[in-house]
Amino acid sequence: MARKMLMRARQTGDIAELMVRIQHPMETGMRKDKATKKIIPAHYIENMTVTHNGKKVVSCDMGIAVSRNPVMGFGLIGAKTGDKVTVSWKDNKGESGSYSQTLKL
Amino acid sequence: MKRRTFLRATITGSAIAAIAGAGLLKPMQVLAANWPAAAFSSKSVDAALTSLYGTSKRVSSKDIIINAPEQAENGISVPVAVKTTLKNVETMSIYVHKNAQPLVARITLTGGGGYLRINIKMAKTSRVEFVVKADGKLYTASKSIKVTAGGCGG
């Protein structure tokens, strides 16, 4: 299942700030379902990578303490309008996704 | 963002994702094997640091700039941002001292800027520590964030 992703970038001083939002439950595996009293199994993104013009620039390992529908910000060096940025992710249940965008700064 | 723009962006996004997915499969498999499970399940900050870097020795630095609220009404999503002006930054990581598993996230830079913004879950009022590895050394800065309602479990 493809999860919704959004991306936006803006120049802030010497780096460009890339904001990524992913729709993901990020279950900790510690929460109980109030109706059934059963523990909801953990389901979270383990890794995210940012590729800038084909080069991997950031790799982010994440745990269960990242909030639901995470909004992540990464720094890009020397980014300019027209650059291609791809963000890919993979979660603990083997789900994955990726999103590409041409930067507009 | 307007609803229409949002929808359009999402639809194009998933189409590209399907195409890009095939080519990106290999690097992601390699990365998955490197996910530091031991560090993420560590019960203390020192243990997580030792597991990630082999040492928990770190020095505080003024070159790590934290942008986080003094107080968060709800611990379920606290936006924190960290920026560093240190040179040769290799990795950056975030720890919430009073969470059952303190390590939140770690980024490895291979040409990216020394910046990380993330929404974190916090169980209760705690010190949040930001560790930056630069030139093979660990630098740290921390900030205490007050939480009125916890955001883990329930």
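Here is the naming used below: chain letters follow the sequence lines, and residue numbers restart at 1 for every chain.
Note: A:S67 OG to B:M122 CE = 12.5 Å, rounded to the nearest 0.5 Å. The CE atom of A:M30 sits 4.0 Å away from the CD atom of B:Q101 when rounded to the nearest 0.5 Å. Expressed to the nearest 0.5 Å, how far CE of A:M72 lies from CG of B:L116 amounts to 5.5 Å.
For a residue to count as touching a neighbouring chain, one of its non-hydrogen atoms must lie under 4.5 Å from one of that chain's; by this rule A:M26 touches chain B with backbone and side chain alike. Neither the backbone nor the side chain of A:N92 comes within less than 4.5 Å of any heavy atom in chain B.
Per-residue heavy-atom pair counts under 4.5 Å with chain B were compared for A:K55, A:E17, A:H52, A:R68, and the maximum is reached by A:E17. Each of A:P70, A:G78, A:G63 has some count of heavy-atom pairs under 4.5 Å with chain B, and the biggest count is that of A:G63.
Under a hydrophobic clustering in which Ile, Leu, Val, Met, Phe, Trp and Tyr are joined whenever their side-chain heavy atoms come within less than 4.5 Å, directly or via other members, A:I15 and A:V20 fall into different clusters. The hydrophobic cluster containing A:V71 does not contain A:I64, counting ILVMFWY residues as joined when their side-chain heavy atoms lie under 4.5 angstrom apart, directly or transitively. The cluster map of Ile, Leu, Val, Met, Phe, Trp and Tyr, joined by side-chain heavy atoms under 4.5 Å apart, puts B:I94 and B:V59 in the same cluster. Hydrophobic clustering places A:I45 together with B:W35 (ILVMFWY residues linked when any side-chain heavy atoms are closer than 4.5 Å, directly or through intermediates). When the side chains of ILVMFWY residues are joined at heavy-atom separations under 4.5 Å, either directly or via intervening members, A:V85 and A:I77 end up in two distinct hydrophobic clusters.
Counted within 6.0 Å of NZ on A:K80, heavy atoms from surrounding residues, nucleotides or ligands total 12 or fewer; the atom is thus considered open. Heavy atoms of other residues, nucleotides or ligands lying less than 6.0 angstrom from NZ of B:K143 number more than 12. The number of heavy atoms from other shown groups lying within 6.0 Å of NZ (B:K43) is above 12.
Residues B:I120 and A:V66 have side chains not in contact (no heavy-atom distance under 4.5 Å, counting atoms from C-beta outward).
Within residues 106-115 of chain B, the residues having any heavy atom closer than 4.5 Å to a heavy atom of chain A are B:R106, B:I107, B:T108, B:L109, B:T110, B:G111, B:G112, B:G113, B:Y115, listed by residue number.
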Please assess A:M62 against B:V104 for the test side chain to side chain contact (heavy atoms under 4.5 Å, CB included), listing each intermediate value before the final yes or no.
CA-CA 6 Å; A:M62 294 152 72; B:V104 177; over 6 Å; no
